[in-house]
2 protein chains.
Amino acid sequence: MYAIKSRIWIEGEDGVFLGEGRIKILKAIIKEGSLSKAAKFLGMSYKKAWNLIDSINKNASEPIVITNTGGSGGGGAIITPYGKEMILKFEEINKNCWNFLDQQLKEHQL
Amino acid sequence: MYAIKSRIWIEGEDGVFLGEGRIKILKAIIKEGSLSKAAKFLGMSYKKAWNLIDSINKNASEPIVITNTGGSGGGGAIITPYGKEMILKFEEINKNCWNFLDQQLKEHQL
DNA sequence: TTTCGTTATATCTTTCAGGAAATAACGAAA
DNA sequence: TTTCGTTATTTCCTGAAAGATATAACGAAA
């Protein structure tokens, strides 16, 4: 009858660190190898993608995205091992949260 | 180091039924006795409050808010017993979700 | 030293959600 | 029948967020 939905996010010292949208752009960067290609892949403006990455790096305890400007290919961006670990943990927690809430919905008979 | 935050909401057939903002206005209506007073109490525009209530009633399986227009006092709004029950259940689930996520945060060592 | 595609940044425009305000409709009580 | 404060609804306006555009800076490789 009813469905329960959720959004989770992780905050650092000064604002949002990780959320669903940020996970999406991080994974696109892994796949595409650069910020601009990842933005295009997601149909997102470069500026928006850049703002997200900037915010991620500012709120993380350790570097997440390393950007390189210049070079023959123009540069690019890579996700650090720590970043990849955080992606996995976020997705795990998010999945667990969904399951937990579905269970709650049943228990409360909604 | 990191904090985890969440937003949950319940959807009906055709959109959002209950969320934190809706719970807030419902409780304000119980306290104040009318939609307009509740909106003023929350520093919210009357239109926004009315839109929320309208959406709540449209997506609920049973009536939540009964509004009365006219009368010496001009009318008012009341929350049905079913509505009050839903408020309690939502807040209970929301609290459980917070606890669950805090636990997840520890387990995943973030 | 030139080339290249990228990151980084600023500026301008557009869009749209939300607030403000005005008004009609309502109906019980005096 | 008049009064009252509310609900219900419309229109207008504003401000903030998002997109579009332009361009400087970068630096490894040829």
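Values reported hereafter were calculated over all heavy atoms of this structure, with side chains retained and with hydrogens, waters and symmetry mates removed. Order of the sequence lines sets the chain letters (A, B, ...), proteins ahead of strands, with each chain counted from 1.
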Starting at atom CH2 of B:W50, determine the distance to atom C1' of D:dT6, rounded to an integer number of angstrom. 14 Å
Point-to-point distance, once rounded to the nearest 0.5 Å, from CG of B:L26 to CG of B:L52: 8.5 Å
In residues 20-40 of chain B, which ones come under 4.0 Å of DNA chain C, going by heavy atoms? none
Residues B:E91 and B:I23: closest non-hydrogen pair is OE2-CG2, 3.7 Å
Nearest whole Å is fine: how far is C:dT6 C1' from A:I78 CD1? 15 Å
Can you measure A:N57 atom CG to C:dT7 atom P for me and round it to whole angstrom units? 13 Å
Taking every heavy atom of A:A49 against every heavy atom of A:I25, the minimum-distance pair comes out as CB-CD1, 3.8 Å
Can you measure from NZ (A:K27) to CG (A:L42) and round to the nearest 0.5 angstrom? 11.0 Å
Would you give a per-nucleotide map of nucleotides 19-30 of chain C, 5' to 3', where B means the base has a protein non-hydrogen atom under 4.0 Å away, S means only the sugar-phosphate does, and - means neither? BB----BBBBS-
Closest heavy-atom contact between B:F17 and B:R22? O-CD, 3.2 Å
B:D14 CG to B:K58 NZ distance, which is reported to the nearest 0.5 Å: 9.0 Å
Heavy-atom distance under 4.5 Å between the side chains of B:I93 and A:L110, does that happen here? yes
Measure the shortest side-chain to side-chain distance between B:Q103 and B:N99 over non-hydrogen atoms and say whether it is less than 4.5 angstrom. no
Could you tell me which non-hydrogen atom of A:L18 sits nearest to which non-hydrogen atom of A:F90, and how far apart they are? O-CE1, 3.9 Å
Please report the distance, rounded to the nearest Å, between CG in B:D54 and C1' in D:dT9. 11 Å
Hey, what bend do you get for the helix from C:dT1-D:dA30 to C:dA30-D:dT1 if you fit axes on five pairs at each end, rounded to 10°? 0°
Validation row: A:H108, A:Y2 side chains within 4.5 angstrom (heavy atoms): no
